[in-house]
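Notes for the one structure printed next.
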Amino acid sequence: MKGSLRQSMAFLHTWAGLLFGWLLLLVFVTGTTAYFQDEITRWMQPEITGERDLTASAQGAVDYLQRHAQGAEAWSIQLPDARSVAAMGYWKEKGETFLQWRDHAFMVNGRGEVVDARDTTGGWLLYRLHFDLHYIPVQWGRWIVGVAAMFMLVAIVSGVITHKKIFADFFTLRLGKGQRSWLDAHNLGAVLALPFHLMITYTGLVTLQRVYMPWGITAAYAQTSDYQRALAGPDGLPTRSGRVAPMAPIAGMLAQARQRWQGADPGFVAVLLPGDANAVVRITRGTAVSMATRGETVSFDATTGRMRSPPPTHGAAALTESVMVGLHAGRYAPLALRWLYVACGLLGCAMVATGLVLWTAKRRLQLPDPNRPHVGFRLVERLNVATIAGLPFGIATYFLANRLLATGIPHRAAWEANALFIGWGVLALYALLRPVRRAWVEAMAAAALAYLAVPAVNALTTSRGLWPSLRQGDGVFVAFDMSMLATAAGFAFAAWRAWRRPPGPTPRPRQTPKALA
Amino acid sequence: MRFAFPAPLSLLSRVFVALVGGYATAAAYAAAMARWLPMDRTDAVTTGMIASFAIYAAIAVMAFAVRSAARAWIWLGVCGLPPALALYLSMRGGAA
């Protein structure tokens, strides 16, 4: 590679960014929504109302499990944090895989009652899409997203080196100037939130580092299980005694845990070998109290309700890792900070999207014949429409399917997820078949209409539309519907701008019509 | 900013150094740190893992920053030698 360092870094930045750009957009969009996954889940289960009561819903869940899942391998109860109302319970029968638990998940409200809420994966689907993808084995998804994150990290570093004047670009936005404007917009989204982008990419890799970089474990331990035992301490899995014994009230154990944590809320309860005399209850601290996510866990003998010896404490590196994961997931963040996370996430989406558009804007002027661009150019152009407008459209159809699919149909939650990909696929196909300028306008208009439809359909199919929610001061439902309207407005504006755009400038004839792809 | 597209073979060579060489070097550092760092062993493992992504990114950027593909290979060797040596010594000596 002849030429300056800046040129070779520009090359690296361009191609590392382009190759994984579309996937990175998916990761950024779903990651941004994940900051409000609890609120999204609440909106997607409008049957659940009332106030949160942690102890009552925990006891309600244990009662239900005792009636329906006696003899299971383990019970799990996700307790409601300050942002949700209901607890979610589920259990694992012997031999079941991790993902089968969803088939017997149930919700318990603050009065301790099991609620017959519609079957949905809620905000959790978007959260899992962020790092597991969908329809493919989880481990593949994680590796693919991990490679994309590594490309992102390289794109960030090379992008910063490419900059001539990073400080001046911070204040530069020249609108209506074609390629120049796209570059400015890309710089703005990237530079304004640069610390966030760097933090989120690096900590994202750290969240799954035991998958991506297990070689330290291989080098230092004979077996991976030795490492896991060293992490978890001697308090391992209990063995089944075969004797049946009743369980002590969960409220007492929750109170002990809370006392140990100076009043902090428990977040998760697991009962191992429920009903057996050797059963163990594990209570993990909620994530709102500390930036470190790997919350502290205390164990109890289930039959007596007595606390067992606490697990080993780890050193600075474990805490660093825990805080990095916490910074990434933002579970500790109170509302204002949470919105700041979302704003930074949206800047990340804008950075990736403008970067993708910039690739075409820059090359359009250099095409030998702009009316007949080469295949690579056309592919990028179409994939851009299909992803930048198509993915948000698919998410809107996911929300619409949540309100429109009949309750009680088999595999309802799976069909909601399918609706996301059907919506996305249909719009992507449409974008492939239309002339590209029309495709931009129409796909963005379709996305705008879909987001406009979400609050409308919500108002028509539930009693919790925007107006009743406003009157009742239901912040979550109001904010959700308003966000849908704001997204609709954003896409409508983009469609209008794309429609109004003057026809492309007459291309300069080039001396050497060399393809750049 | 316009620049000539690099020759295919040189490009392939750099991509290999960045993708495969970068990962192997990062893995070697992670493994060496897990065995050598003077701290609790789970902590040494974690420190190595956290640091490895920065090393990977640095190698990847290096592969495209240096003047020729040959130099990229030389630098890869220079960067990879210390952890490889450390690992070799620790396996031989049964250290850590």
- Note on the structure: Heavy-atom closest pair (B:A27 atom, A:M213 atom, distance to 0.1 Å) is CA-SD, 3.6 Å
- If you count the non-hydrogen atoms of other residues, nucleotides and ligands that lie under 6.0 Å from CH2 in B:W73, is the total more than 12? yes
- Message: Under a 3.5 Å distance rule, please check whether B:D40 uses its side chain to pair with a backbone N or O of A:G315 as donor and acceptor.
- Response: no
- Engaged part of B:A18 at the chain A interface, taking heavy atoms whose separation is under 4.5 Å: neither
- Note on the structure: In terms of heavy-atom contacts, B:D43 and A:A318 come closest through OD1-N, 3.1 Å
- Note on the structure: In short, A:A220 meets B:V45 closest at the heavy-atom pair CB-CG2, 4.0 Å
- Hey, does the side chain of A:Y212 reach the backbone of B:M49 with a donor-acceptor pair shorter than 3.5 angstrom? no
- A:M324 versus B:I50, closest heavy-atom pair with distance: SD-CG2, 3.9 Å
- Item | Test log, rule side chain to side chain contact (heavy atoms under 4.5 Å, CB included), inputs B:Y56 and A:L205 | CA-CA 12 Å; B:Y56 194 173; A:L205 287 161; over 6 Å; no
- Query: Which heavy atom of A:I161 sits nearest a heavy atom of B:V61, and at what distance?
  - Reply: CD1-CG1, 4.2 Å
- Message: If only side-chain N and O atoms count, and only distance matters, is there a donor-acceptor pair under 3.5 Å linking A:W215 with B:Y29?
- Response: no
- Item | Minimum side-chain heavy-atom gap B:L11-A:W15 below 4.5 Å | no
- Item | side chain to side chain contact (heavy atoms under 4.5 Å, CB included) between A:F151 and B:L19, intermediate numbers included | CA-CA 10 Å; A:F151 271 73; B:L19 276 179; 4.0 Å; yes
- Rounded distance (nearest 0.5 Å) linking atom CZ of A:F11 with atom CZ of B:R14: 9.0 Å
- Task: With a 4.5 angstrom heavy-atom cut-off, could you sort out which part of B:A28 is near chain A: side chain, backbone, both or neither?
- Result: neither
- Under 4.5 Å to a heavy atom of chain B? For A:I217 that would be both
- Task: Examine whether an atom of B:A51 lies under 4.5 Å from a heavy atom of chain A, and if so say whether it belongs to the side chain, the backbone or both; otherwise answer neither.
- Result: backbone
- The reported gap from CG in A:L5 to CZ in B:F64 (rounded to nearest 0.5 angstrom) is 13.0 Å
- Query: Taking everything shown except A:W182 itself, do over 12 heavy atoms lie less than 6.0 Å from its CH2?
  - Reply: no
- Heavy-atom pair with the smallest gap, counting every atom of A:M150 and B:A57: CE-N, 3.4 Å
- Query: More than 12 foreign heavy atoms under 6.0 Å from CH2 of A:W143: is that the case here?
  - Reply: yes
- Query: Would you call A:T320 and B:T46 a side-chain contact if the rule is heavy atoms closer than 4.5 Å?
  - Reply: no
- Query: Which of the residues A:A317, A:A230, A:P214 is involved in the greatest number of heavy-atom pairs with chain B at under 4.5 angstrom?
  - Reply: A:A317
